[in-house]
Amino acid sequence: ERHVDMWIRHVVVPGITDDEKYLFDLGYFIGQFHNLKALDVLPYHTMGEKKYESLGMEYKLKGVPAMDKDKLLDKKKAIIDFDFLQKLGKVLMTVIAVMPAAGLMLSLGKLIQMAGADINFVYLIGSTMENIGWAIINNLHILFAAAIGGSWAKERAGGAFAAVIAFILINRITGAAFGVTEAMLSEAGAVVHSIFGQEMLVENYFTSILGAPALNMGVFVGIIAGFVGGVVYNKYYNFRKLPDALSFFNGKRFVPLAVIAYSTVISIIMIIVWPVVQSGINAFGIWIANSSSTSPVLAPFIYGTLERL
C-alpha cells in the first residue's frame with residue numbers, strides 16, 4: 001500500500017522448496033506485488049550443520065543434500081516465468097473487463113433508440129449510450145497502452161504517461177513514414193509502397209488514430225506501447241548520468257527522451273515488419289470469406305477456433 005520497494009530472497013532446499021507446485025504457488029504469491037524490486041533465489045548449503053553439532057543442537061535438515069547450483073537457474077526461471085505471465089494476464093484482464101460494459105451500453109443504446117424512435121429525447125439518450133460503448137471499443141489500443149504501462153512501471157502514473165507518449169509517437173511515425181495523409185484515408189484506390197516495393201492499399205493498411213494516419217495494428221500497437229512505457233520508465237526513472245549543463249533532464253525528466261528514442265526504433269521495426277504481417281492477415285481474411293466451396297469445414301473451424309482464443 002505504501003509502494004515501498006520489496007526484495008524477496010528464497011532458499012531452494014532439495015525435496016522441500018524445489019518442487020514444481022511449490023514454485024508455482026510462490027510465483028502466484030509474488031505476482032500479487034507491484035512493488036517487487038528483485039527476487040534472489042539462493043541455493044541451500046550444509047555449512048551450518050557442523051555449527052549445530054558443535055553446539056549440541058539438533059539440525060532439522062540433517063541428511064538433506066546441498067542444492068546443485070547448476071539447477072538453480074531453472075528453479076528461478078520457473079518462478080519468474082509464472083510471475084510474468086500472471087502479471088501480464090492481470091493487466092490484459094483489466095482492459096478486457098471493460099468490454100462487457102461497453103457491449104452492454106451498445107445493446108441498451110440500440111434498444112432505447114428502437115423503442116423511442118419517435119421521441120427525440122429518448123432517441124438522444126439511446127444514441128449517447130451507444131456512443132459511450134463505441135468510445136471504449138474504438139479506443140482499446142490506448143487503454144491497453146495505459147494499463148500495461150501503469151502496471152509494469154514502478155510508479156503507475158509515470159509508466160502510464162510514458163506508455164501514452166510511446167503510443168502517440170509510434171502511430172505518428174508509422175503514418176508519416178509512408179507519406180499517408182488524411183485525404184488518402186478516404187480516397188478510394190489510394191496506394192503507397194513498402195520499403196520492399198510492395199503496393200499497399202491505404203484503406204487496407206492504415207487508419208486514423210488521434211487525428212493522424214497510422215498503420216492499422218489494432219490493439220497490438222497499444223500492447224507494444226505499454227511495454228515500451230513501463231520498461232523504459234523502470235530503466236531510466238533514476239538516470240543521473242547527464243552532464244551538469246543538461247542536469248535538468250536527469251531522473252524522471254529523462255524518461256520522455258528515452259521513450260522518444262525507443263519509440264523511433266520500434267516504429268522503424270514495425271514499418272518493415274507490419275506490412276508483411278498485415279498482408280498475411282488480409283490474405284487469411286479473403287480466404288475465409290471465399291472458402292465456402294473450397295474448404296467448407298476447415299475454414300469455419302479455424303475461424304471459430306481463433307475467435308474463441
With side chains defined as the heavy atoms from C-beta onward, is the minimum distance between [X] and [Y] less than 4.5 Å?
X	Y	answer
Val13	Val64	yes
Met184	Thr181	yes
Thr264	Ile173	yes
Ile266	Val228	yes
Pro43	Val12	no

Going hydrophobic residue to hydrophobic residue with side-chain gaps under 4.5 angstrom, can you get from [X] over to [Y]?
X	Y	answer
Ile136	Ile125	no
Val221	Ile137	no
Ile165	Ile269	yes
Met114	Leu106	no
Tyr233	Val265	yes

If every non-hydrogen atom of [X] is compared with every non-hydrogen atom of [Y], which pair is closest and at what distance?
X	Y	answer
Ala160	Ala146	CB-O, 3.7 Å
Pro14	Pro65	CG-O, 3.4 Å
Ala153	Gly159	CB-CA, 3.4 Å
Glu182	Gly211	OE2-O, 3.2 Å

side-chain contact (heavy atoms from CB on, under 4.5 Å) partners for [X], two or more places apart:
X	result
Met57	Tyr52, Leu55
Ser186	none
Met105	Met129, Ile132
Val95	Leu140, Leu143, Phe144, Ala147

- Query: Tyr262 and Phe227: side-chain contact (heavy atoms from CB on, under 4.5 Å), yes or no, with the steps?
  - Reply: CA-CA 11 Å; Tyr262 275 73; Phe227 279 117; over 6 Å; no

- Within a reach of under 6.0 Å around OH of Tyr123, are more than 12 heavy atoms found that belong to other residues, nucleotides or ligands?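 No.
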
- Message: Lys60: which residues meet the salt bridge (Lys or Arg N to Asp or Glu O under 4.0 Å) condition with it, sequence neighbours left out?
- Response: Glu58

- Evaluate the criterion side-chain contact (heavy atoms from CB on, under 4.5 Å) for residue pair Val180 and Val192; output intermediate values, then yes/no. CA-CA 8 Å; Val180 180; Val192 293; 4.0 Å; yes

Kindly state each residue pair satisfying side-chain hydrogen bond (donor to acceptor under 3.5 Å, both in side chains) with at least one member in [range], sequence neighbours excluded.
range	result
residues 124-142	Lys110-Glu130, Gln113-Glu130, Glu130-Trp134
residues 189-203	Gln198-Tyr205, Gln198-Ser279
residues 217-232	none
residues 268-277	Trp274-Gln278

Please tabulate, for side-chain N and O atoms in residues 248-260, each donor-acceptor pair with protein atoms closer than 3.5 Å (sequence neighbours left out).
from	atom 1	to	atom 2	distance (Å)
Asn250	OD1	Leu242	N	3.2
Lys252	NZ	Glu155	OE1	2.6
Arg253	NH1	Phe248	O	3.3

- Query: Listed by chain and number, what are the ring-ring contact (aromatic ring centres under 6.0 Å, His included) partners of Phe178, not counting sequence neighbours?
  - Reply: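 Per chain and number, Phe178 pairs via ring-ring contact (aromatic ring centres under 6.0 Å, His included) with Phe206.
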
Result block: side-chain N/O donor-acceptor pairs under 3.5 angstrom for residues 212-220, not counting sequence neighbours:
none

- After noting the C-alpha distance and the side-chain angles of Val191 and Val202, does the key distance pass the side-chain contact (heavy atoms from CB on, under 4.5 Å) rule? CA-CA 5 Å; Val191 297; Val202 171; 5.6 Å; no

- Message: Using only atom types and a distance under 3.5 Å, with no angle test, would you say the side chain of Ser54 pairs donor to acceptor with the backbone of Lys51?
- Response: yes

Report the distance from atom [atom1] of [X] to atom [atom2] of [Y], rounding to the nearest 0.5 Å.
X	Y	atom1	atom2	answer
Ile170	Ile271	CD1	CD1	10.5 Å
Glu53	Tyr59	CD	OH	10.0 Å
Thr46	Leu61	OG1	CG	10.5 Å

- Message: Does Val232 form a side-chain contact (heavy atoms from CB on, under 4.5 Å) with Tyr237? I'd like the steps, not just the answer.
- Response: CA-CA 8 Å; Val232 171; Tyr237 80 102; over 6 Å; no

